[in-house]
Amino acid sequence: MEPQVMTSLMLKALAHPIRRRIMSVMGAQDFARAADLAEQLGVPANTLSFHLRSLADAGLILEAPEHARDRRDRVWKLAHVAFQVGSPEEPIAPENELPLTGFLSQMALDQQRMVARILEWAPAYATGRDADVKGNLSTGTLRLTPGQAREVFREMQEVLERARELHGAGAPTGPGPGEGPGPEDGEEAAPDARVWAWDFTVMAAREDL
């Protein structure tokens with residue numbers, strides 16, 4: 001499915017960190033209940049409802065009543081599987097450049113915080129104090145033509161899409177509720193059986209950038 005080019009409304013809606021986090025969590029699952037999102041993100045239900053409505057008004061998410069348990073159950077899903085900020089083939093309008101710049105600045109802060117979390121945890125993993133894999137940071141350099149680079153990026157996206165489809169609705173989860181039955185009450189799922197949300201960033205820069 002082709003990514004949706006983000007509009008000015010979408011970019012402005014994602015200027016808020018809670019909304020970006022909501023989109024991140026929802027991107028890892030087919031649908032999410034408002035009550036579950038509030039618990040998972042540690043946000044009051046009324047605050048979360050406001051941000052969900054803002055995302056819906058911007059065209060980023062949709063209500064998913066087909067997954068609701070009853071009329072009071074508010075369930076949401078992404079309006080599109082993937083989004084992009086524009087390209088030479090599908091450029092954004094000139095008036096969208098300012099909100100795009102603001103959105104990218106916020107994204108940069110999100111990436112800095114993620115790298116900081118990984119670097120804080122890495123010494124404990126490297127010394128064996130924490131044997132649980134909680135992150136990964138790989139760097140390197142490839143020599144590729146522009147066409148080869150585009151093909152590598154496409155294949156990476158396909159791998160990530162397959163990984164997204166791996167999560168099961170009934171799989172035991174880490175902190176935050178799952179979408180179905182997990183371990184019996186009072187039981188802990190085996191560490192390797194838990195399904196966790198993993199934030200990821202795919203980034204590459206050509207030497208002349």
Distance from [X] atom [atom1] to [Y] atom [atom2], nearest 0.5 Å?
X	Y	atom1	atom2	value
Arg53	Ile61	CZ	CD1	7.5 Å
Leu41	Ile18	CG	CD1	8.0 Å
Phe200	Met156	CZ	CE	9.5 Å
Met6	Leu100	CE	CG	8.5 Å
Glu151	Thr145	CD	OG1	10.0 Å
Leu78	Met26	CG	CE	5.0 Å

For the student: nearest non-hydrogen atoms of [X] and [Y], plus distance:
X	Y	result
Leu48	Ala34	CD2-O, 3.1 Å
Ala68	Val75	CA-CG2, 3.7 Å
Phe103	Leu11	CD2-CD2, 3.7 Å
Ala79	Gly59	CB-O, 3.3 Å
Ser54	Arg19	OG-NH2, 3.6 Å
Gly135	Trp198	N-CZ3, 3.9 Å

Q.
Between Ile92 and Val85, does the side-chain contact (heavy atoms from CB on, under 4.5 Å) criterion hold? Intermediate values first, please.
A. CA-CA 7 Å; Ile92 63 171; Val85 296; 5.6 Å; no
Is the side chain of [X] donor-acceptor paired with the backbone N or O of [Y] at a distance under 3.5 Å, no angle test?
X	Y	answer
Arg206	Pro146	no
Thr47	Val43	no
Glu63	Pro65	no
Arg20	Ala15	yes

Q: For the pair Glu158 and Arg162, evaluate side-chain contact (heavy atoms from CB on, under 4.5 Å) and give the outcome as yes or no after the intermediate values.
A: CA-CA 6 Å; Glu158 289 179 353; Arg162 290 197 299 271; 4.1 Å; yes
Co-membership, hydrophobic cluster, residues [X] and [Y], 4.5 Å side-chain:
X	Y	value
Met114	Leu109	no
Val152	Val159	no
Phe83	Leu62	no
Leu160	Met23	no

Q: Say whether Asn96 and Thr7, considering side chains only, have a donor N or O and an acceptor N or O under 3.5 Å apart.
A: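 No donor-acceptor contact under 3.5 Å links the two side chains.
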Q: Taking atom types as modelled, find out whether Ser138 and Asn136 have a side-chain donor-acceptor pair closer than 3.5 angstrom.
A: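 Yes, Asn136 and Ser138 have a side-chain donor paired with an acceptor closer than 3.5 Å.
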Pair [X] + [Y]: basic N to acidic O under 4.0 Å:
X	Y	answer
Asp110	Arg21	no
Lys77	Glu66	yes
Arg164	Asp30	yes

Q) According to the interplanar angle, ranging from 0 to 90°, do the rings of His16 and His51 count as parallel (below 30°), tilted (30 to 60°) or perpendicular (above 60°)? A) tilted
Evaluate the side-chain proximity of [Y] to [X]: yes if any heavy-atom separation is below 4.5 Å, no if none is.
X	Y	result
Lys134	Trp196	no
Leu119	Leu137	yes
Ile22	Leu52	yes

Q: Take atom CZ of Arg113 as the centre, draw a 6.0 Å sphere, and report whether it contains more than 12 heavy atoms from other residues, nucleotides or ligands.
A: yes
Q. Does atom CD of Glu97 have more than 12 heavy-atom neighbours from other groups under 6.0 Å away?
A. no
Q: Apply side-chain contact (heavy atoms from CB on, under 4.5 Å) to Leu14 and Leu55, showing your working.
A: CA-CA 8 Å; Leu14 291 175; Leu55 291 171; 4.0 Å; yes
